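First up is the structure itself, then whatever we jot down about it.
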Amino acid sequence: MIKRGLNTGVLALAKLCGWIIRKARVGKVLIVEVCGNNSKPYVLALKEDRDRELYAVAEPLDIGSAICFEGELASEQRSKRGIEYVATRIEVYAKPIEHLPVDIAGKVPALLETRIKYRWLLARNPVEKAIFKIRTGVLKAAREYLEKNGFVEVQTPKIVAAGAEGGATLFKVQYFEREAYLSQSPQLYKQMLISSFERVYEITPYFRAEKFNTTRHLNESWGIDIEQGFINGVEDVMQTAENLVSYIVDFVRINYKDELEILGVNLPKLTPPFRRLKFTEAVDILRSEGIEVSEVEDLSDAAEKKLGEIMAEKKHDLYFIVGFPWTSTAFYYMREEDKVYTRKFDFDYKGLEIASGGQREHRYDKLVEALREKGLNPADFEFYLEAFKYGMPPHGGFGLGVERLIMKMLNLENIREAIMFVRDRTRITP
RNA sequence: GCCGCCGUAGUAUAGCCCGGUUGAGUAUGCGGGCCUGUCGAGCCCGUGACCCGGGUUCAAAUCCCGGCGGCGGCGCCA
C-alpha cells in the first residue's frame with residue numbers, strides 16, 4: 001500500500017514529495033536531500049552500480065527540482081541531517097527553469113531584505129521552515145487552549161466605519177459611496193459579543209497605518225484577541241493571558257522539538273503565575289535606575305526594554321504591568337475609584353509588550369462619561385454603546401500579538417522574520 | 001515628520017577613510033574534471049558585479065551633489 005507521508009516520516013512504505021535542496025556526489029554515491037512538509041529533509045543515497053536506474057534519473061536533476069519518490073525508511077540511518085529512505089521509484093514533477101535566486105542550503109547568508117523577498121522559496125530551508133511550522137503550532141495551541149476553556153471562536157468585520165477613538169492611524173478604503181477603514185483591532189466588536197457569549201476569541205489581522213520602521217512593528221500583523229465575561233476583576237483576565245501563553249509555549253516545546261533544535265532555541269517551561277508589577281512600581285524601578293519616566297504616560301519602548309533587562313536579572317522573562325493611569329489609556333478601560341488609575345495591563349515578554357488588555361467599563365453611564373472625558377462624541381459610538389444597554393456583564397480581555405510572541409519565543413531579531421509575507425512601511429509585494 | 005548608516009557578480013562580502021599598482025579580491029552558486037556516503041565534504045579549472053544621473057580630476061567603485069532603494073533610532077504605535 002502506498003500512503004502519503006505525513007509529518008512523522010515513519011511510515012514503512014510511503015510516497016514522499018518535495019524539492020531537492022542539496023546534492024552531493026561522493027565517489028560512487030549520490031546523496032540527494034529533499035525537503036517536504038517535514039522539518040528534517042528526506043535523504044536518498046543512490047549508488048551508481050547498485051541503483052543504476054534511479055541514479056540515472058537523479059544525477060542530472062538540479063537543486064530546486066520538484067520530485068516525489070516511493071520508498072521505505074532505510075534501516076541504516078547514516079545522514080546527520082535528515083531521515084534516510086531507500087527509494088524504489090522517483091518521479092520528476094518540475095525542474096527549475098532558472099537557478100534559484102537564494103541559497104536554499106543556507107551556506108551563504110542572505111540579507112533580511114532578500115530573505116523577505118524570497119521567503120516563500122527560502123521556506124524550503126529547514127531553518128526558515130521551522131519558524132513557520134512553529135507559527136502554525138502557536139495558533140493551533142491557542143485554539144486548543146481557548147476551546148478547552150469555553151471560548152467561542154468568532155469573526156468580526158475587517159472593514160469598519162470611522163475609528164473615532166483615535167489611536168493608531170487607520171488605512172482608508174473606498175466603500176462604495178462612503179469612506180471606510182481597515183480594522184486595527186476587533187476591540188469594540190468582541191466586547192459587543194459579550195452581550196450574548198460568555199467568552200469569545202478571534203484570530204485576526206490588525207491593520208495599522210503608522211509609518212514605523214522598527215524591528216517590532218508591522219502594518220499588517222496578527223493577533224489572538226479574547227474577551228471574557230462574568231469576571232470578578234482584571235486578575236481573571238491576566239490569568240487567562242498567562243495560562244494561554246504558557247500553554248502555547250509548552251505546546252511548542254513538546255511538539256516542535258525538531259524545529260527548536262534546528263533553530264537552536266532552548267525554550268524553558270513556563271510556570272505561571274507571573275509577576276504583577278504595578279505601573280507605579282515600574283516607574284519607581286525605572287527611576288531608581290536613572291531612567292526618566294512620566295507618571296501619566298505609557299512607558300516608552302526604551303523604558304520597556306530597560307525594564308525587561310531589570311526583570312530578566314530577577315529571572316522574570318514574562319511579567320505584567322498593571323494599573324496604567326487613565327491619562328494614558330483608551331476610554332473603555334475600567335477606572336479605579338480614585339479615577340486616576342485603570343485596570344489596564346500590559347503583558348511583557350523579554351522587554352517587549354506582547355499583549356495588552358484589561359477589565360472594561362461595562363456600566364453604560366460610566367462608559368458614556370468616559371467617552372466624553374476623552375473628548376469623543378458618544379453619538380459616533382452608538383452601535384457600540386447600544387450593546388451596553390441590555391445586561392452587559394463585567395468583562396475584560398486582551399489582544400496578543402502573534403508575531404511578537406513568536407519573535408520573543410524564538411529569539412528572532414526582527415519581527416519581519418515571524419511572518420511569511422511582510423507588510424511594512426515600504427512593502428506591499430510579494 | 002526628524003535623524004543616522006548602507007547600496008560591489010544569483011547570493012553574501014573585501015576594496016572606499018588615504019583616487020592610479022584592481023582588465024575589482026574572497027566565499028557560495030553555476031559549468032567542467034577528480035574523489036571509497038557527504039554532513040557548511042574536499043581538491044583543480046572556468047564563469048559572473050561597482051544602484052541611477054550629474055560634477056571634480058590627467059585618472060572615480062573610491063571624493064562632491066541629486067535621485068532611487070534598503071536597514072535602524074526617535075516620534076508615533078487601544
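Heavy-atom basis, side chains included; hydrogens, waters and symmetry copies ignored. In what follows, chains carry the letters A, B, and so on, assigned in the order in which the sequence lines appear, proteins first and then strands, with residues in each chain numbered from 1. Predicted model only: the values in this text are computed from it and were never measured.
Atom CD1 of A/Ile21 is separated from atom P of B/U38 by 18 Å (rounded to the nearest Å). Atom CG in A/Leu112 sits roughly 15 Å away from atom P in B/U11 (whole-Å rounding). A/Glu304 has its CD atom 14 Å from the P atom of B/C76, to the nearest Å. Look at CD1 on A/Ile31: it is 13 Å from P on B/U36, rounded to the nearest Å. Note: CG (A/Asp298) to C1' (B/C76) measures 12 Å, nearest angstrom. Atom NZ in A/Lys117 sits about 11 Å away from atom P in B/G10, given to the nearest Å. Between A/Asn219 atom CG and B/C77 atom P there is a gap of 14 Å when expressed in whole angstrom units. At whole-Å resolution of the value, CD in A/Glu413 and P in B/G73 are 11 Å apart.
One N or O donor and one acceptor, one from the side chain of A/Ser185 and one from the base of B/A78, sit under 3.5 Å apart.
Atoms CZ and CG, on A/Phe274 and A/Asp348 in that order, are 12.5 Å from each other to the nearest 0.5 Å.
Looking only at atom types and distance, the side chain of A/Lys344 has no donor-acceptor partner in the side chain of A/Ser356 under 3.5 Å away. A/Glu84 and A/Ser79 share no donor-acceptor pair across their side chains, judged by distance under 3.5 Å alone. In summary, the side chains of A/Thr215 and A/Glu413 do not present any donor paired with an acceptor at a separation below 3.5 Å, with no hydrogens or angles considered. Remark: the A/Tyr206 side chain and the A/Asp225 side chain contain an N/O donor-acceptor pair separated by less than 3.5 Å. With hydrogens and angles left out, the side-chain atoms of A/Glu361 and A/Tyr333 include no donor and acceptor closer than 3.5 Å. Side-chain contact of A/Glu259 with A/Ser39: a donor-acceptor pair under 3.5 Å is present, judged by distance alone.
A gap of 15 Å separates the P atoms of B/G66 and B/C2, to the nearest Å. With both ends at atom P, the span from B/A49 to B/G33 equals 25 Å, rounded to whole Å. Taking atom C1' in both B/U8 and B/G69, one finds a spacing of 15 Å when rounded to whole Å. A gap of 7 Å separates the P atoms of B/C50 and B/A9, to the nearest Å. When the C1' atom is used for both B/U13 and B/A24, the distance is 13 Å, rounded to whole Å. Comparing B/C6 with B/C51, their P atoms are spaced 14 Å from each other, to the whole Å. For the P atoms, the distance linking B/U56 with B/A61 amounts to 16 Å, nearest Å. Comparing the same atom, C1', in B/U36 and in B/U22 gives a spacing of 43 Å after rounding to whole Å.
Within the 4.0 angstrom heavy-atom criterion, no nucleotide atom of any strand lies near A/Arg115. Residue A/Glu48 is out of contact with every strand shown, counting any heavy-atom pair closer than 4.0 Å. Residue-level contact check: A/Leu30 touches neither bases nor backbone, having no heavy atom under 4.0 Å from any strand. Nucleic acid contact for A/Lys47: base, since at least one base atom lies under 4.0 Å from a heavy atom of the residue.
Pair assignment for B/U47 gives B/G29, based on Watson-Crick or G-U wobble hydrogen-bonding distances that are each under 3.5 Å. With a 3.5 Å ceiling on both atom-pair distances, the Watson-Crick or G-U wobble partner of B/G42 is B/C34. Figure legend. B/C17 is base-paired to no nucleotide; pairs are counted as Watson-Crick or G-U wobble with both atom distances under 3.5 Å. Using Watson-Crick or G-U wobble geometry with both donor-acceptor distances under 3.5 Å, B/C76 finds no partner in any strand shown. With a cut-off of 3.5 Å on both Watson-Crick or G-U wobble distances, the partner of B/C63 is given as B/G55. Checking B/G69 for Watson-Crick or G-U wobble geometry (two distances, each under 3.5 Å) identifies B/C6 as its partner.
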Filtered N/O pairs between nucleotides 67-70 of chain B and protein, under 3.5 Å:
unit_1: B/G70; atom_1: OP1; unit_2: A/Thr426; atom_2: OG1; d: 3.3
unit_1: B/G70; atom_1: O2'; unit_2: A/Glu113; atom_2: OE1; d: 2.9

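For A/Glu210, the listed nucleotide lying nearest its side chain is B/C77; candidates were B/U38, B/C77, B/G1. Considering only side-chain atoms of A/Asp301, the nucleotide from B/G40, B/C76, B/U38 that sits closest is B/C76. Distance from the side chain of A/Arg208 is smallest to B/C77 among B/U13, B/C77, B/G73. Here the side chain of A/Ala110 is nearest to one of B/C74, B/U11, B/G40, namely B/U11.
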A/Gln191 vs A/Tyr332, side chain to side chain donor-acceptor pair (under 3.5 Å): CA-CA, chis, key distance, verdict: CA-CA 10 Å; A/Gln191 274 192 268; A/Tyr332 48 75; over 6 Å; no
Criterion side chain to side chain donor-acceptor pair (under 3.5 Å) on A/Glu297 and A/Thr327, from CA distance to verdict: CA-CA 7 Å; A/Glu297 287 167 32; A/Thr327 45; over 6 Å; no
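Salt-bridge formation is detected for the pair A/Arg275/A/Glu281: a Lys NZ or Arg NE/NH1/NH2 atom is positioned less than 4.0 Å from an Asp or Glu carboxylate oxygen.
A distance-only check finds no donor-acceptor pair linking the side chain of A/Lys28 to the backbone of A/Arg50 [under 3.5 Å].
OP1 or OP2 of B/A12 lies within a sub-4.0 Å distance of a side-chain N or O belonging to A/Thr114. Between A/Thr342 and B/A78 there is no side-chain N or O to OP1 or OP2 distance below 4.0 Å. Contact check, A/Arg425 against B/C76: no side-chain N or O comes under 4.0 Å of OP1 or OP2.
Taking the nucleotide of RNA chain B with the nearest heavy atom to each of A/Glu33 and A/Pro101, the more 5' of the two is matched to A/Pro101. Both A/Phe212 and A/Arg78 lie near RNA chain B, and the one whose nearest nucleotide falls closer to the 5' end is A/Arg78.
In this structure, A/His395 and A/Phe388 have tilted ring planes: the angle between them lies in the 30° to 60° band.
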Nucleic acid footprint by protein, nucleotides 26-34 of chain B - heavy-atom cut-off 4.0 Å, B for base, S for sugar-phosphate alone: --SSSS---
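Atom CD of A/Glu336 has more than 12 neighbouring heavy atoms from other residues, nucleotides or ligands inside a 6.0 Å radius.
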